[in-house]
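These notes are about the structure you will find just below.
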There are 2 protein chains.
Amino acid sequence: MRFFEDLNLGEQITLGDYVFEQDEIINFAQKYDPLSFHTDVEAAKSSLYGALVASGWHTASVWMKLMVNYYKNAIQEMQNAGIQHGEIGPSPGFTDMVWVAPVYAGDRLTYTSRILEKIDSKSKPEWGIVRHYNEATKEDGTIAFKFTGTVFYKRRPT
Amino acid sequence: MRFFEDLNLGEQITLGDYVFEQDEIINFAQKYDPLSFHTDVEAAKSSLYGALVASGWHTASVWMKLMVNYYKNAIQEMQNAGIQHGEIGPSPGFTDMVWVAPVYAGDRLTYTSRILEKIDSKSKPEWGIVRHYNEATKEDGTIAFKFTGTVFYKRRPT
């Protein structure tokens, strides 16, 4: 969890990976995306996907989960080492969010994030804005989900 | 649930409204967005939001929930009336997703969707693509969340 000044363009981190278990796919979808190819194993077999698939919002929410855990761990490690750490703030927004390939029960996705651009913030001088490209890939390398996001990143205190 | 041919540019529908209860905000965030201003009422008081706020992915997932329910009801009504109904397919993607204002516990959001553009699909001749603009507004009219999406829409069978 470094400061805005310490980030390099093109840098890529792996946020983590996640297995989409059948029960969690169904549980998420019953609450937020109750289409039968997300909630019903039998009905999904005759859908255009041929089997149960995760809701796209589930795939997106897991990105957030892994991102938060990644930065919590990074902050903890820096605190343990007595190093001054940065902070991330709210996200101004996301764009170009594409669910490229279906995520089936049992699929393991690996989420990565790459720094595309660093932008000075006019409204918040103590923060910078980082534009980042994110991908979730299956074990065979297929991209399942991608988007570009922006986030506020704390500058090093002067 | 009409066919692609029957949709008009500029048409707006209200998908529904939803109250973000404290328990559900915490429950969603514990699973997918475990930052303390989403999971801990006391800690949230000293955050930049001043109180517990819903995860942005929660706000987005509720859009999907209301959208699915809206179209399920529309299909049911047309079936009951013996009218031939259309179908929506997968979404090629979403863009310009912005969380404009925080959503606090107890806030009621109303979600609307407006048709921006109708596009012929080159790869799927029996479907058209609809580009739609979506907003979730609070009871005082403040926009909390917005994005532009695309979705495949079944054409009328010939």
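All chains are named by letter (A, B, ...) in the order of the sequence lines, taking the proteins before the strands, and each is independently numbered beginning at 1.
Considering only heavy atoms from C-beta on, B:Met64 comes within 4.5 Å of A:Trp57 through its side chain. Between A:Phe28 and B:Tyr32 the shortest side-chain heavy-atom distance falls below 4.5 Å.
Most heavy-atom pairs under 4.5 Å with chain B, from the set A:Gly149, A:Ala29, A:Pro102, A:Pro34: that is A:Pro34. The candidate from A:Met67, A:Lys146, A:Lys72 with the greatest count of non-hydrogen atom pairs under 4.5 Å with chain B is A:Lys72.
Both A:Phe94 and B:Phe147 are members of a single hydrophobic cluster when ILVMFWY side chains are connected at heavy-atom separations under 4.5 Å. One hydrophobic cluster, built from ILVMFWY side chains closer than 4.5 Å, holds both A:Tyr104 and A:Tyr111. Cluster annotation: B:Ile119 and B:Phe152 are assigned to the same hydrophobic cluster (Ile/Leu/Val/Met/Phe/Trp/Tyr, side-chain heavy-atom contacts under 4.5 Å, transitive). By the criterion of side-chain heavy atoms lying less than 4.5 angstrom apart, applied directly or through intervening Ile, Leu, Val, Met, Phe, Trp or Tyr residues, B:Tyr71 is grouped together with B:Leu66 in one hydrophobic cluster. Linking ILVMFWY side-chain heavy atoms closer than 4.5 Å, directly or via other members, places A:Tyr49 and A:Phe20 in a single hydrophobic cluster.
A donor-acceptor pair under 3.5 Å is formed between the side chain of B:Lys65 and the backbone N or O of A:Lys31.
Contact annotation for B:Leu48: only side-chain heavy atoms (C-beta onward) come within less than 4.5 Å of a heavy atom of chain A.
Of the candidates A:Val98, A:Thr95, A:Thr148, A:Thr95 is the only one forming a side-chain contact (heavy atoms from CB on, under 4.5 Å) with B:Thr95.
Considering CG of A:Asp33 and CH2 of B:Trp63, their distance stands at 9.0 Å, rounded to 0.5 Å.
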